[in-house]
Every structure is written in C-alpha cells, then in structure tokens.
Enquirer: 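Following this message is one structure expressed as structure tokens.
Just so we're on the same page: letters track the sequence lines, and every chain starts at 1. Just so it is clear, the model here is predicted, and its values are computed rather than measured.
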Amino acid sequence: MSTSPAPNGALDTFPKLLDHNARVRGGRPAAREKMYGIWQTWTWSELREEARALAMGLMGLGLQPGERVAIVGKNRPQLYWSMVSCQMCGAVPVPVYSDAAADEMAYVLDHSGAAFAIVEDQEQVDKLLQVVELEQAPALRHMIYLDPRGLRKYDHTTLHAFAEVVANGQGAAAEAGPRIDAICAAQQGADTCVMLYTSGTTGRSKGVVLSNDNIIVTARATAEFDKLVETDSVLAYLPMAWVGDFIFSMGQAYVAGFCVSCPESPDTMMSDLKEIGPTYFFAPPRIFETLLTNVSIRMEDAGTFKKKLYDGYMAHARRVGADILDGKPVSAADRAKYALGELLVYAPLKNALGLSNVRVGYTAGEAIGPEIFQFYRSLGINLKQLYGQTEASVFITVQPDGEVRADTVGVPAPGVEIQIRESGEIYYRSPGVFQEYYKNPEATADTKDAEGWVATGDAGFFEEGTGHLRIIDRAKDVGKLSSGALFAPKYVENKLKFFPSVLEAVVFGADRDRCVAFVNIDLSAVGNWAERNNISYASYQELAGHPKVYDMIQEHMEEVNASLAQDDMLSGCQVHRFLVLHKELDADDGEMTRTRKVRRRIVEERYAPLIEALYAGASEVYASVEVTYEDGRKGAISATLQIRDAKVFPAGAKVAAE
Amino acid sequence: MSIHAAEAASDDVAYASQEEAHGIEPRRIGGTVMEMKNITLRFGGVTAIKDISFDIKEHEIRAIIGPNGAGKSSMLNVINGFYHPQEGEIWFRGAKRGPMKPYEIAQQGIARTFQNIALFKGMTTLDNIMTGRMTMMKTNFWQQAMWWGSAQREEVEHRRRVEEIIDFLEIQAIRKTPVGRLPYGLQKRVELGRALAAEPKLLLLDEPMAGMNVEEKEDMCRFILDVNDEFGTTIALIEHDMGVVMDIADRVVVLDYGRKIGDGTPEEVRANQDVIDAYLGVSHD
C-alpha cells in the first residue's frame with residue numbers, strides 16, 4: 001500500500017485525490033459502465049487498484065516521467081482511469097478526439113510527441129498503425145488497446161492488450177509500487193495535468209497545457225458553486241478530448257467524489273440516460289434540440305386526447321413553470337394546476353427523456369434557442385447556461401440558480417475576473433487560465449498577456465443592472481457592412497437556428513452592401529413535416545431543394561429579418577437572399593469542427609461560386625462540391641440550387657413579429 | 001449506420017494489409033467437416049440438383065454461387081435437412097448422415113439464416129436471439145414457466161451468451177426493439193445473431209447480403225469474417241454479389257442448372273471458362 005498523502009490541503013493532483021477518495025469513500029461507486037446489458041460498477045477503492053496496476057504496467061513498458069500518452073476512444077471507465085495511471089507515472093495524458101481521421105490524429109500525435117497511446121479498439125489501432133506506417137508519429141513506442149476483438153493476429157511487438165499490461169503491472173507491484181508512490185508524492189499543483197487539443201475553429205488545433213491547479217481549483221470552486229456531492233451522478237458521453245468532459249467527468253468527479261457512468265455504445269446513449277437518471281447533466285444545445293424535436297415529432301403523431309393533454313399542460317408550464325422553479329410568487333391555483341400537470345405530463349415526460357433526477361443541468365458551446373431553453377425550464381429542469389473555453393478550464397461565466405435567462409451567459413464564475421476592452425472583446429483572468437500552448441510560444445503570447453489576461457476572441461457586453469454577460473459574436477467575425485453598419489453573422493445564424501427546421505446557417509456580408517445566407521435543413525424535423533404534408537422526397541438533396549421547403553425557410557428568414565429590424569444596432573444584418581445547401585456541412589469535409597461549429601472561412605472558400613451567385617442576383621446556381629466519406633474516400637455531390645429573395649424591413653419598424 | 005459502415009470499410013482494408021504486412025499466417029483450414037457425395041434432388045419431374053459432390057473444410061468460408069435457379073438454396077436445404085436427396089450421401093464430421101429432421105441437424109451443430117428473413121417479427125431482438133438457444137435448453141416447459149431453480153440459472157447462463165452475441169454484432173441499441181420495426185439490414189444482422197446463438201460448428205448463410213446497400217454489405221462482410229476468425233466457425237454461404245464472394249470466400253463452388261460447373265479458389269473459378277459462360281449467358285447446347 002502507498003504512503004497516504006497527508007492533509008486535505010495537499011490534494012492538488014489526481015493521484016492524490018484518488019487515494020483520498022479510496023480512503024474516505026472507498027465503498028462508494030466511482031465509475032459505471034454497461035457491459036453485456038448489465039451495469040458494472042467500480043468503487044473508488046477498486047478504481048484506485050485498477051489505476052495503480054495499469055500505472056505499474058505502463059512503467060514496466062518504459063513510460064518515463066514527462067512523456068505524453070495519447071488516449072483515444074469513446075467514453076470508457078478504463079480510459080478515464082488510464083489518464084490517472086499516466087499521471088501516476090509522471091506522464092501527461094493527451095485525450096484525442098476518437099472520430100478524428102488518421103491525418104488529424106497524425107498531427108496531434110506528432111505535435112504532442114506522444115510516446116504511448118492507449119486506445120479503445122481495432123478501429124483506433126488501425127488508424128494509429130496507418131500513422132506509424134507513414135512515419136508521422138516518430139515518438140510513438142507502444143500502443144495499448146482495450147478491446148481485443150479482431151486484433152489477435154496483429155504484430156504484438158509494440159502492441160499490447162490492456163488486460164495484459166494490467167496483469168504485468170500487478171506482478172511488478174513490489175518494485176514499481178514504491179516508485180509510483182515517490183512520483184505521486186513529489187507531484188505538485190503547478191505540474192502539468194493534461195494537454196487538450198482545441199477543436200480548431202480557426203486553423204490547426206493547438207495543444208492547451210493545463211496544470212493540476214487549473215483543473216482542480218476550478219473544479220473545486222464550481223463544484224461548491226453548484227453544491228455537487230458524492231451522491232451526484234453523471235453520464236459521460238461527450239468526447240473525452242473536450243475540456244468540458246475532462247472537468248465534469250474527471251475534475252469535478254474526483255473533487256466531489258461522485259460516480260461517472262459510461263454508456264454501452266453511442267447509439268444507446270438515450271436509454272442509458274434514462275436508466276442512470278443523472279443528477280448533474282451537461283449537453284450542448286444540439287442535444288437539447290434533438291431531444292425536444294423527438295418529443296415534438298412523437299406528440300404530432302400521438303392520439304387527439306394525449307395531444308390535447310400535452311398541449312394544454314405545456315402551455316401552462318410555459319406560463320408558470322420557470323417562475324415556480326425560480327421560487328417567484330405564483331398563485332395557489334396555478335401551483336395546483338402545475339402539480340397536476342407534473343403528475344400527468346411533466347414527470348412522465350422527464351422520465352422518458354432521462355432527466356427526472358437532474359438537479360443541475362448546463363448547456364454551453366453555442367447559443368441555445370429561447371424556446372428550447374424555456375421548454376426544459378418550464379418542466380422544472382434546472383437548466384442553466386455557462387460560457388467557457390478550453391483555455392479557461394471551461395468556466396468563465398455561469399448562471400447562478402434563480403438568475404437564469406436564455407439571452408445571457410451569466411455572471412463571472414467563482415474566482416474569474418472579466419474585462420471588456422475597447423474593441424468589445426472579452427478578456428478574463430482566473431485560476432483556470434492555461435499554462436501555454438504546447439510548442440507554440442507565439443500563439444501563447446498572442447492570447448495571454450504578462451498579467452495573465454486571456455483574450456476570448458468573443459465580443460460581448462455586460463448588461464446594465466443585472467451584471468450578466470451577453471455574447472454578440474466571435475470578435476473577428478464581427479465586421480462591418482460596406483455601409484459601415486455592424487455585421488454580426490453568428491447572432492443572425494443563431495436566430496435562424498432556433499427554428500427546428502434549420503440545422504445550420506451561415507451568413508455572409510462582411511464588407512458587402514447586404515447580407516446573404518446558406519441554410520442547412522434538419523432532416524428529421526423537415527422530413528417529418530414533409531411526411532405530414534404529403535411531400536414525397538427520395539433524398540436529402542431532393543428535400544432540401546423542394547419549393548415548399550424553400551417557402552418555409554423563406555418564412556423563417558423573413559421572421560428573423562423582422563426581429564432584426566427592431567434592433568437598431570443590427571438592422572443592417574437582415575438577410576436579403578438565401579439558398580438551401582444540398583449537403584449537410586460536415587466535419588469530415590473540414591467545414592465544421594469536431595464539436596460541430598461552422599468553420600466560416602472554409603465554407604466561404606469551398607462555396608465561393610454560390611456566394612458570388614447570391615450577390616450576382618442569379619435565380620439558380622449549379623454547385624458541385626467534393627465530399628470526404630468517413631473512410632477517407634472522396635466523391636462529389638452536385639446539384640442546381642435555387643436562390644430566393646427574402647423580404648427585408650426598414651430599420652426600427654415595429655413589425656408584428658408573431 | 002454510417003459510422004459502422006465506415007469502420008467496416010477501413011477495417012477490411014487495414015485487416016488485409018495487416019496480415020500481409022506482418023506475414024501472419026491466415027486462419028488454419030483443417031480437414032473436411034462435411035462432404036456431399038453425388039447428391040441428386042428431384043421435385044417430381046424437375047431435377048433441382050444433379051449428381052453434385054463437394055466438400056466443406058473446417059474453419060473455411062465456402063461460397064456457393066450460380067445464376068438464378070441453379071439450385072443453390074436447394075443445396076443449402078439439403079445440408080440442413082429440409083430436403084432429403086433421392087440419391088447420394090452426406091457425410092458430416094466423419095459419419096454418414098441418415099435421414100434426419102431439421103431440428104436434429106440443428107442439434108448436431110448446423111445453424112442457418114434464410115434468404116427471406118424468418119424472424120419472429122413481434123418479438124424483440126433479445127428474444128429472437130434467445131430462441132437460437134432453444135436446442136440447448138435442458139429444463140422443460142413447466143420448469144421454465146415457474147422460473148425457479150435450475151430454469152432460472154439456465155436462463156441467466158443463456159442470456160449471458162446472448163448478450164455476448166449482441167455485443168459482438170454491435171446491436172446493443174436495438175436489444176429491446178421488436179424486430180419488425182427494424183430496417184432490413186439490421187434484421188439480417190439479428191438473424192445472424194440467432195444462428196450464432198446456437199453455437200454452430202457449421203453456419204449456413206443464404207444470401208446474407210441480398211437487398212443491402214453498400215454500407216450494410218460492408219458491415220455484414222466484417223461480421224462474417226469476424227465470426228469465422230474469432231469463433232473459428234465454418235461458414236457456407238450463398239451470395240450473388242461477386243465482389244463479396246471473391247473477397248471473403250476461401251473456396252467457391254459454382255452451380256448452373258443443378259450441375260456443378262466449377263469448384264476451387266476464387267481465382268480458379270474466375271478463370272474457369274464454364275463459369276464465365278454461365279455468367280455471361282452463352283447459350284447451352
């Protein structure tokens with residue numbers, strides 16, 4: 001057994017936190033995963049033993065302190081604790097997006113100089129072998145895989161089964177144990193904890209180096225802020241390479257000691273969510289949108305009685321639900337009706353969504369539609385927004401309970417200072433501020449100044465009175481139209497995306513006389529709408545080009561224009577002409593980041609002829625774009641797209657927006 | 001689906017290159033498991049199969065191909081005892097097989113899937129695969145109805161094996177979905193799961209890829225190769241897609257109008273003039 005790290009004040013690294021948890025709550029569940037249809041549980045003391053055994057095995061393979069270890073795979077408890085195992089050896093874990101193509105992975109492996117890789121299965125092994133074969137990862141010495149399926153006949157000189165490494169580690173405990181204890185005892189809060197690669201909204205991704213203090217101090221402060229305790233429970237389903245997952249499923253879980261459950265497979269996430277019933281839930285707006293879309297579609301298909309019941313009580317919930325949640329005064333009659341609704345509609349619905357037990361829910365990453373946000377809040381789910389970045393260890397601002405609104409991102413998180421500079425750009429300074437961009441001092445200097453202030457790249461302002469921060473757009477995307485009026489594309493796009501039928505929108509107009517837009521339809525929402533309206537279609541492309549779909553998008557566009565017209569600052573951003581793209585914007589084509597944010601520049605380049613046609617006044621345009629399939633093969637999708645004009649409204653006009 | 005397909009596609013490529021690159025021996029093909037000697041099958045005046053002999057070796061993937069009406073499905077039905085040939089002998093694992101009922105043959109370790117899916121549409125994926133273990137259940141109806149003692153223990157054990165198959169075929173997400181609601185490609189996969197649940201020595205697949213799109217085919221190819229590789233199951237399959245057959249089969253037997261016109265490795269069969277004639281439609285005299 002290890003020498004126990006002493007006082008509470010010294011819990012400044014993950015290995016020490018793990019020891020602590022194994023000691024004070026050793027019997028409580030730390031991780032769960034569904035295997036063969038049954039939830040398997042590891043307690044904190046079991047998890048500690050597993051992590052130590054793996055660490056000793058890694059040491060046996062020659063992992064040296066200071067080296068980097070790539071972690072590639074979907075959310076699995078073993079992969080989570082392998083990050084701590086790496087830290088026990090003094091190495092730095094580098095989680096990598098598991099859906100990245102081989103060349104993207106090659107970049108991260110090469111740049112991080114990873115010496116080891118711990119991967120999930122054959123798919124990832126093959127990808128990494130491809131990288132190795134092309135000699136793009138010179139530093140990579142050993143690869144360890146979790147799922148042996150299909151790998152039996154691979155050359156095992158540098159490839160190892162996870163179970164075998166663990167078994168070897170257990171065998172070497174007498175020799176390796178004390179070495180690990182010595183390394184763990186010597187580690188400090190200022191040491192590097194993890195390296196996370198940004199999703200790269202702009203250009204190549206950068207390796208963000210975060211220290212133990214960054215993660216643990218931030219996690220501790222925010223866990224206190226939301227009163228997270230060891231009985232809480234989360235479902236870990238977001239990419240492990242994303243800083244949010246690292247904070248929620250590692251940082252806060254280790255600090256508060258709660259249990260992290262991993263879904264059986266990505267496809268079963270919804271049913272696993274229902275079975276686990278997490279108390280603390282994080283999802284990007286897209287997940288909440290998808291959930292709501294599914295509910296709406298099913299209610300459209302439900303019988304008359306059920307539909308009436310649902311519509312009636314949901315209308316009531318929209319009226320008083322959020323106020324009840326915020327503890328504002330609501331009449332006794334309304335409360336009684338809400339209680340009945342809870343019994344008949346809200347509780348069963350929350351149960352079906354897997355959100356019955358949610359005490360604290362967060363959404364971040366993108367703006368969320370006010371209707372969507374309100375829908376969940378009115379059901380009594382405490383959904384809040386936060387604003388964050390990898391460079392900040394997530395938290396910059398966060399909404400306190402009772403001060404939750406759709407259009408702001410809240411007040412500065414505990415310990416965070418915020419400045420708005422003249423340019424309108426938001427700067428922050430906090431204990432979570434990253435150490436540096438790995439091997440990129442210029443970028444570090446560009447982003448972080450000597451006093452520790454970090455530029456977010458976003459433009460925003462503090463609201464008068466409430467002190468809540470409002471984000472307008474990416475600072476560098478905020479531009480001017482040729483008339484000199486403010487151009488904030490994201491703001492307009494978000495308004496468009498709040499319509500269920502619009503999946504994605506890209507607005508152009510910087511240095512032009514007016515704005516134009518690309519629209520992506522949401523296949524499930526529009527498909528269902530088409531079904532109900534007897535519109536037949538054979539493909540996404542055909543549906544996207546359907547005149548009736550265009551009519552609907554045009555209506556939405558004009559509604560957005562009408563609401564923009566009322567905003568003095570942004571009335572110039574009304575969309576004059578638009579087209580519906582014949583393919584979904586896709587991360588595999590480089591059009592989006594892996595976290596599904598549009599890469600504006602690349603879209604602009606790839607679709608330049610379409611933009612020209614929008615400005616040239618043509619009524620249709622032929623488009624052909626190269627697409628990359630998930631296995632790396634390339635093909636082209638072409639179509640003739642219609643272009644429509646949308647009605648614009650004079651600035652300041654009071655149009656009756658419905 | 002698309003994710004799986006992409007995996008399958010990249011896996012296949014990598015799989016092949018892996019074996020070549022590291023010079024690892026492919027799966028060891030053993031002795032003869034099943035031998036068909038001079039089989040002739042008639043329906044009244046129609047001769048569906050005429051004097052056909054071929055063998056199936058242990059651990060191999062044996063494909064049976066041929067144009068429509070060549071007698072492929074009849075051949076499969078002879079192997080698993082649906083049809084009894086008028087002439088000829090069937091030798092299975094070193095013993096001559098007498099007339100047997102299909103369930104007796106199933107108990108011998110021969111499982112199959114069907115050209116037209118034959119699942120219980122109203123039952124879930126899990127229950128359908130569970131039926132594949134029927135031949136191995138030892139407790140009787142009344143014990144199972146009471147679900148106590150040995151019946152319960154037995155079901156837990158069977159369920160464990162079924163869950164392993166669900167994991168293997170990556171169909172966790174549809175575990176509790178009635179199969180009638182599933183898309184065609186997934187139903188085919190469930191059917192494969194049910195056949196695997198019987199832990200067959202010899203697995204017969206009747207057009208496992210019929211009516212599938214490219215993605216689904218790639219998926220299915222990967223599963224067939226994985227079954228063969230991981231469990232060492234001998235597989236006999238009928239398939240129309242020549243690309244698939246040439247890629248995954250170890251040996252191919254070609255039928256035409258109930259006669260055998262070719263037998264050998266995919267390369268040999270491809271070079272066989274009779275086979276080319278049959279497929280290109282040269283007139284027969």
Enquirer: At a heavy-atom separation under 4.5 Å, does A/Ser265 approach chain B through its side chain, its backbone, both, or neither?
Expert: side chain
Enquirer: Give, for atom CD of B/Glu230 and atom CZ of A/Arg152, the distance between the pair rounded to the nearest 0.5 Å.
Expert: 5.5 Å
Enquirer: More than 12 foreign heavy atoms under 6.0 Å from NZ of B/Lys176: is that the case here?
Expert: no
Enquirer: Mark yes when over 12 heavy atoms from residues, nucleotides or ligands other than A/Arg141 sit less than 6.0 Å from its CZ; otherwise mark no.
Expert: yes
Enquirer: Using 0.5 Å steps for rounding, measure from the CD1 atom of B/Ile166 to the CD atom of A/Glu264.
Expert: 8.5 Å
Enquirer: Please say whether the positively charged group of A/Arg149, taken as NZ for Lys or CZ for Arg, lies over the ring of B/Phe168, i.e. under 6.0 angstrom from the six-membered ring centre and within 45 degrees of the axis.
Expert: yes
Enquirer: In terms of heavy-atom contacts, does CE of B/Met134 have more than 12 from other residues, nucleotides or ligands at under 6.0 Å?
Expert: no
Enquirer: When rounded to the nearest 0.5 angstrom, what distance separates CZ in B/Arg175 from OG1 in A/Thr268?
Expert: 7.5 Å
Enquirer: Could you look at A/Lys34 and say if it's the side chain, the backbone, both or neither that has a heavy atom under 4.5 Å from chain B?
Expert: side chain
Enquirer: Give the C-alpha distance, both sets of side-chain angles, the deciding distance and a yes or no for side-chain contact (heavy atoms from CB on, under 4.5 Å) between A/Lys153 and B/Asp229.
Expert: CA-CA 10 Å; A/Lys153 290 190 198 123; B/Asp229 190 42; 2.3 Å; yes
Enquirer: For each of B/Gln172, B/Arg160, B/Arg159, B/Glu164, tally heavy-atom pairs with chain A at distances under 4.5 Å, and name the one with the top tally.
Expert: B/Gln172
